[in-house]
Amino acid sequence: MATADSTTAGVEKPAEAQMARLDSTPGLIVVGGGIAGVTCTETLSDLCPEEEITLISASPLIKTVTNFNQISYVLEEFEVEERPAAALQTRCQNVRVVQDMVTEIDSTNRKITTQNGLKIQYKKLCICTGGMPKLICKDNPLVLGIRDTESVATFQKKLTGAKRVVVVGNGGIATELVYEIEGCEVVWVIKDTSISSTFVDAGAAEFFLPHLVKDKEPAQGPLKRHKYEVADLEAARRTQPTKGGALGPDWNTGLDMKGQARGSHQVHVEYQSEVKSVWTPSEFKSSNKTADCVPSSTTSSEKPATETTEWPVYVHLTNGKTYGCDFVVSATGVTPNTALFQNQINIDLADDKGMKVDDHMRTNVEHIYAAGDVCTASWEPATHWMQMRLWSQARQMGAYAAKCMVADATGESISQDFCFELFAHVTKFFGYKVVLLGKYNAQDLGNEYEILLRVSDDREFVKVILCNGKMYGAILIGDTDLEETFENLILNGLDLSRYGEDLLDPNIEIEDYFD
């Protein structure tokens, strides 16, 4: 474990000599120590080893991609390791990491100012400040957002003494949480008709549903990589109330997520509902509402008995139900972290508040680029690609932004990276490998499509989207070994009409047929 002192060793601190040196030597600057920012910095270092590069990170810990594996031409998987910022300087000799926050951007003179008084000139600037959690109730210590290492540490601390938790949201982090939490009742509040709908349809959700009550499979082997923490997190928040980079794809690996009770899963799902109010015990009593008990299973149709336990916090839902719990986890997505820059420079924002970027990751302000969760792709997307604020796209955008910065600086012309031709993402839900390709849920296809399904109980789920005889997307759950074949079929645009349902016949080695 690294202490606060050791994590900042080698990271530059404000000093007059440093300020003068940085101010007089314009270079390439990246703001943000998350996956997009660090990937951008590393790529810049590789492309122009003679150029001075500065990474400004609010946290002493940065996110580094490790164990990268190119599964297919577009699909990739990796882990994210949290390391001291100084490790990046050791690995990339032309990189300087400054632990600080940007407070001002002067785009006319190409200069930024930081909270600690540094004034740094830039040739090109890439903003990778990520996103901020959408909290259902701000400034409530019993409503937690899961976003970075500090928030996970707070969650773990609260969970050890908890008997019931309410999880709000239906995306990736919410799905992983409800599966990982043990020894604690979980009420999962979702606004949709099926679980995990951000990623999968109702059919795949049914495939996952039994695992809400099944015992988890034991972890396979020890965690083989380091995990760092900043010592005295509470003191760090008081002196610098900032957030670190977003969690990586394996953020929950090796974490103890056990509550106070014994046993494994006890998850109850409240469908088509949202949080209407979050009450303190006194506010709950004043409401004259009756708290509901958690049913004994997710499929129970019996009306639960009236709750008698007194809880630290109460959640009142739009369906009229009220649940008491030890704390609430708000996992309802993120908002692009653009607040500072809206007031400093006239950057165009999309409807979702992300910085608009063109097909070379450029904002409308000259010499300023953006990548990762903070930006919104505003170019005409390829037929089979769409933006989702995922770790995989943060890495891809960060690397591509670096290439574009260097190309623009040297006057070269480059084509857009091929990764933007096909949406491809791999993750893990309920212990299963999940691969999403193209328009996997028939996004933007209206009603002009057909679905092919292959389901093997408790083993695999395969869904293919066909439009005019061509494959447009696919969901692969389990070890199907079909991802590379389906990726090629989507990209090649072959007419598959004549194959019909034989396309998913388990007795046909389709990968060999289309090899």
(request) Give the intermediate values and the outcome of side chain to side chain donor-acceptor pair (under 3.5 Å) for residues Asp100 and Gln115. (result) CA-CA 6 Å; Asp100 210 337; Gln115 188 177 67; over 6 Å; no
(request) Check the pair Ile71 / Val426 against side chain to side chain contact (heavy atoms under 4.5 Å, CB included), numbers first and verdict last. (result) CA-CA 10 Å; Ile71 299 175; Val426 59; 4.1 Å; yes
(request) Given side chain to side chain donor-acceptor pair (under 3.5 Å), test Glu487 with Ser72 step by step and report yes or no. (result) CA-CA 8 Å; Glu487 177 186 288; Ser72 59; 2.4 Å; yes
(message) Assess the residue pair Tyr440 and Val200 against the criterion (side chain to side chain contact (heavy atoms under 4.5 Å, CB included)); give the C-alpha distance rounded to whole Å, side-chain angles, the decisive distance to 0.1 Å, and a yes or no.
(response) CA-CA 8 Å; Tyr440 60 89; Val200 299; over 6 Å; no
(request) List the steps, then state whether side chain to side chain contact (heavy atoms under 4.5 Å, CB included) holds for Lys157 with Leu159. (result) CA-CA 6 Å; Lys157 184 177 180 180; Leu159 183 62; over 6 Å; no
(message) side chain to side chain contact (heavy atoms under 4.5 Å, CB included), that's the test. Do Tyr472 and Ile490 meet it? Break it down for me.
(response) CA-CA 6 Å; Tyr472 268 63; Ile490 295 171; 5.9 Å; no
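The environment of CD in Glu366 is sparse: at most 12 heavy-atom neighbours from other residues, nucleotides or ligands sit within 6.0 Å. Within a 6.0 Å sphere centred on NZ of Lys433, heavy atoms belonging to other residues, nucleotides or ligands number more than 12.
Asp408 and Tyr369 share a side-chain donor-acceptor pair at under 3.5 Å. Side-chain polar atoms of Asp359 and Gln416 form no donor-acceptor pair below 3.5 angstrom. With 3.5 Å as the limit, one finds no donor-acceptor pair spanning the side chains of Thr113 and Thr103. Side-chain N/O atoms of Glu77 and Asn69 include a donor and acceptor closer than 3.5 Å. In this structure, a donor-acceptor pair under 3.5 Å is present between the side chains of His211 and Tyr432. No donor-acceptor contact under 3.5 angstrom links the side chains of Lys276 and His316, judged on distance only.
Looking at Asp417 and Lys403, a side-chain N of the basic residue comes within less than 4.0 Å of a carboxylate O on the acidic one, giving a salt bridge. Between Asp352 and Arg389 a salt bridge is recorded (basic side-chain N to carboxylate O distance below 4.0 Å). Contact check on Lys428 versus Glu176 returns no salt bridge, with no Lys/Arg side-chain nitrogen under 4.0 Å from an Asp/Glu carboxylate oxygen.
In this structure, the side chains of Leu436 and Ile475 come closer than 4.5 Å at one or more pairs of heavy atoms.
Closest approach of Asn170 to Ser196, counting heavy atoms only: OD1-N, 2.6 Å.
Classified by interplanar angle (parallel below 30°, tilted 30° to 60°, perpendicular above 60°), the ring pair Phe208/Phe429 is perpendicular. Ring planes of Phe430 and Tyr179: perpendicular class, angle over 60° (limits at 30 and 60°).
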